[in-house]
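Note that this is a predicted model, so its numbers are computed, not measured. So that the names make sense, note that chain A is the first sequence line, chain B the second, and so on, each numbered from 1.
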Amino acid sequence: MKYNFNEIEAKWQKYWAENQTFKAENKSDKPKYYVLDMFPYPSGAGLHVGHPLGYIASDIYARYKRHQGFNVLHPQGYDSFGLPAEQYAIQTGQHPAITTKENIATYRRQLDQIGFSFDWSREVRTSDPKYYKWTQWIFIQLFESWFNYDTNKAEAISALIKIFETEGNANINAACDDDIELFTAEAWNNFSSKEQQSILLQYRLTYLAETEVNWCPALGTVLANDEIVNGVSERGGHPVVRKKMTQWSMRISAYAERLLQGLDTIDWTGSLKESQRNWIGKSVGASVAFNVIASEAKQSANNENTDVTLSAVEESHKIEVFTTRPDTIFGVSFMTLAPEHELVSKITTPDQKAEVEAYIEATAKRSERDRMADVKTITGAFTGAYAEHPFTKAPIPIWIGDYVLAGYGTGAVMSVPCGDQRDYDFAKHFGIDIPNIFEGIDISEVAFADKDKTVIANSDFINGMNYKKATKRVIYELEQLGQGEGKTNYRLRDAVFSRQRYWGEPFPVYYVNGMPQMIDAKYLPIELPEVEKYLPTETGEPPLGNATVWAWDTNTNQVVSNDLVIPTERGTRDEESHNGIYPLELNTMPGWAGSSQYFNRYMDPNNDEAIFSKEAIDYWQQVDLYIGGSEHATGHLLYSRFWQKFMFDKGYVNHDEFAKKLINQGMILGTSAIVYRISGTNKYVSKGLKGTYDVEELRVDVNMVNASDEINIEALQKWQPQFNDAEFILEEGKYIVGREVEKMSKRWFNVVNPDDIVTDYGADSLRLYEMFLGPLEQYKPWNTAGITGVHSFLKKLWKLYIDDNGLKVTDAIPTKDNLKTLHKTIKKVQEDIENFSFNTSVSTFMIAVNELTAQKCNSKEILEPLLVLISSYAPHIAEELWEALGNEGSIATVPFPEFNESHLVESSKNYPISFNGKMRFTMELPLDMSKDAIEAAVLANEKTQEQLQGRTPKKVIVVPGKIVNIVG
RNA sequence: GCUGAAGUGGUGGAAUUGGUAGACACGUUGGACUUAAAAUCCAAUGGACAUUAGUCCGUGCGGGUUCAAGUCCCGCCUUCAGUACCA
């Protein structure tokens, strides 16, 4: 009987589906284990061989854990809202739901044929109303919450209202908008309902605010910071501009500190934690207020004969800065404001006005991209105004410069040229003073920024102090003056949550008097309305503006036709005028909304009463192992941690981190094939001969190239007509292609489809080969040619059990060698899986099969447990042989074979004998010999004596079981 | 610039954490089987000299520690990834 993988694989995939072999129960006596993959976005192109890499690894681990006796949850689903389906709809008019459904069917077929042990009864789709009902529900929960810095957690908004009613907001330490105004309890109670609502919005964890957003005109939508790469949109590479819009935001900044602290409690990769730390960007320092000197302004004002009241206004100007180096405050010789800073126009003196305005205009013209690309050129302008040093009271010139960013900190810095290179360069360029405040440091060439080596000089009350002491003292003195305080700044911004798109979750929100109202959770889901076109409306509203049935009837609590409410700007109608029917929110939620709690929904995915039951979350707790790509470091993985912490605060989940351990799988790259066309001809020259010609490189389909880089010319001619009448210059009768490793992409013709691999070699070969390619975390090129190695391993494995006469396995008593091979393999494979080095265990299997074949092993006692080891990696062949051995049912639930050390223990070992560290020969010695006895035996040996030539060795080093080194 | 990871045969990659470097696989070469090809099997395969046994050199470069270094320490170089005027 031959190894007919296609037949075997189809048979067992059917068996697993029919018997629900991998269905996980929410109740079990077994310990639980939760293995999660990042669910895919079902794109129209389907899977290529790079996609399943992480899924194969997690599947091996999940299967291993089942063998270990765990109740394993290993679900899969689809992140099925998103832009490509919507753009396809714009182009073709086909509803995104249909596109999505078709794509999911393709994905499912492709996933199924690789033989994953997913529990498909728990599948989720983010675009399914039954699922996004709960995304909407979480949104409502966030709306009804605020963040209390005193308790460091989210609390109910109703509790906040109680505090407002009894004591106002003066004592509240909350995460809220910056420009909040203080009010008393009395004032609160006298506010109108609308005023109250608008104040509460400034505290809510999701809030509506006019914010400056990243607007992408080409995509017609706003983007979050993590969706922009190098100043252009991540998707499509379109330019992005800053624009003010009223948008929903998530107050993730409230959780900045907890998101940072939490990283220490989870077993995620170092680089991933590092990117999150950078993204959160905590910096500790002080905020300092510099008073703008009025006299200068007054003087210039007098010169212009303007009203004297101006001086009073000028006097109140303060420039607030954030610094991480309060200890260098005596080194300040100028201040720099971002050109966009609001004070610029107010403090600029008439003399400087023209210059400053010209500069602002010039910088405004530069795009974000130009500004980033060109950081070397130093530009700026003097405002003519001066600020007063808080301690020395000396006047400090105020400049503007585009090296100061409006979006970070306060958009203004105190410039210390001796301690910061950018300030130094700026000062040098404009001829500003560079006072030295560091003891024994030469600053004639560069600034000195080493905190740890700092000793302060020329600085009044902090002379001689180090960084730490000086910082503390300066902050204290600033506080005494009322001109500053210790402050921690975070780079993390609140996340914009509105998208001007169709294919996303609708908000459960309607508007009364312009104020957002939540729809009661019991009426969820609010389903996405039908629209005729998926583009924004003529008036520039989001696509939902095209919906005719998109108003909320508060009498019947359902979505109704919006005939009565003409959608216009928010807040233009009053309550009475349309009988309780109000406009619904026209934006939809961003892509990350649906993926921020899906891991918890898998625990109880069909629950219509709650996002998940208490029993389910109490049983499954959190994800034990999460495998996915590192590209989600500052997106999905940060937002999910944020929502999880919120869910924890609300008492819905038991852990404030959702995944204990996370592994980033690397990417599988393509190996493109290149042919060389001699310029201006239709002649193609083989790689080895191209040296003498002037050639153009053309990429061709990699699937036509064999393991020796030889292209199949017939296939090439069939592939594209331009090769039909081409001439080929061969070397040794072959056309050899060039190779280039790059991202797998249609445009390079280097995409390899797993369907083809499965047809030609089988799913087990695919699974083994993907693991065999190299360490999981690493980026590595795919080359189909190499798959023959693992494929012939499977054939050898088959032959170990079955030959032309049928089953070879007998009840023969295993030999010592058989047992040694088996137990060595058990040990190694177990270690490998637990260390996630799946690549080396494939080698281990190959060695085991080679050894057992050489030993002519046919003992069931050896070959049966061997199958269990292999079944995590190559489940189909393992099942088939398991059945051939006469077993009933699936191998998936059979216990992992027990390792028995005694089979590995040997009585003697070949010791390497080295002289001065250089190996000379080996010597067989019993393992139970003492160190001294070994030493004596080695010295007495003939060969040793030969090497020593009569000399006495200085030292003999014996490492039991390892080596004997004679030092002489 | 900063942060992180990594440099080992023609290629992908092993190396029990300081103990015989190059496991396993691809590729290449030679051989067996075959009319032939495919498939399969066997042998060789880091380099140089010797082709009988052997010797020397070899893990990016230069030092160091050690009886012993791919592994540890110091100083460089290169590549990849992330991030970037963050005050």
Test A:D832 against A:K827 for salt bridge (Lys or Arg N to Asp or Glu O under 4.0 Å), laying out the working first. CA-CA 9 Å; A:D832 284 344; A:K827 186 167 185 239; over 6 Å; no
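Remark: the backbone N or O of A:L260 is not paired with any side-chain donor or acceptor of A:K282 at under 3.5 angstrom.
Here the P atom of nucleotide B:rA81 and the CD atom of A:E777 are 18 Å apart, to the nearest Å. In this entry the distance linking CG of A:N850 with P of B:rA43 reads 11 Å, nearest Å. Between A:N278 atom CG and B:rC86 atom C1' the separation is 11 Å, expressed in whole Å. Straight-line distance from the CG atom of A:N916 to the P atom of B:rA68: 8 Å, rounded to whole Å. Taking atom NZ of A:K273 as the reference point, atom C1' of B:rA81 lies 19 Å away to the nearest angstrom.
Distance noted for atom P between B:rA39 and B:rC26: 12 Å (whole Å). B:rU3 and B:rA84 have their C1' atoms separated by 11 Å, with the value rounded to a whole Å. Straight-line distance between the C1' atoms of B:rA21 and B:rA14: roughly 10 Å, to the nearest whole Å.
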Pairing annotation in dot-bracket form, given for RNA chain B with Watson-Crick or G-U pairs under 3.5 Å and | for cross-strand partners: (((((((..(((......[....)))((((((.......))))))((((....))))..(((((..]....))))))))))))....
If you restrict it to nitrogen or oxygen atoms, what contacts under 3.5 Å exist between nucleotides 63-65 of chain B and the protein, and what is each distance?
none

Result block: side-chain N/O donor-acceptor pairs under 3.5 angstrom for residues 764-771 of chain A, not counting sequence neighbours:
from, atom 1, to, atom 2, distance (Å)
A:D764, OD1, A:H876, N, 3.4
A:D764, OD1, A:H876, ND1, 2.7
A:D764, OD2, A:H876, N, 3.4
A:D764, OD2, A:I877, N, 2.8
A:S765, OG, A:Y761, O, 3.0
A:S765, OG, A:H791, ND1, 2.9
A:R767, NE, A:Y873, O, 2.9
A:R767, NH1, A:D59, OD2, 3.0
A:R767, NH1, A:I114, O, 3.3
A:R767, NH1, A:G115, O, 3.0
A:R767, NH2, A:D59, OD2, 2.9
A:R767, NH2, A:S872, O, 3.0
A:Y769, OH, A:N783, O, 2.7
A:E770, OE1, A:L53, N, 3.4

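Base orientation of B:rG60: anti (glycosidic angle beyond 90° from 0).
In summary, the aromatic rings of A:Y424 and A:F426 are positioned with their centroids too far apart to meet the 6.0 Å limit.
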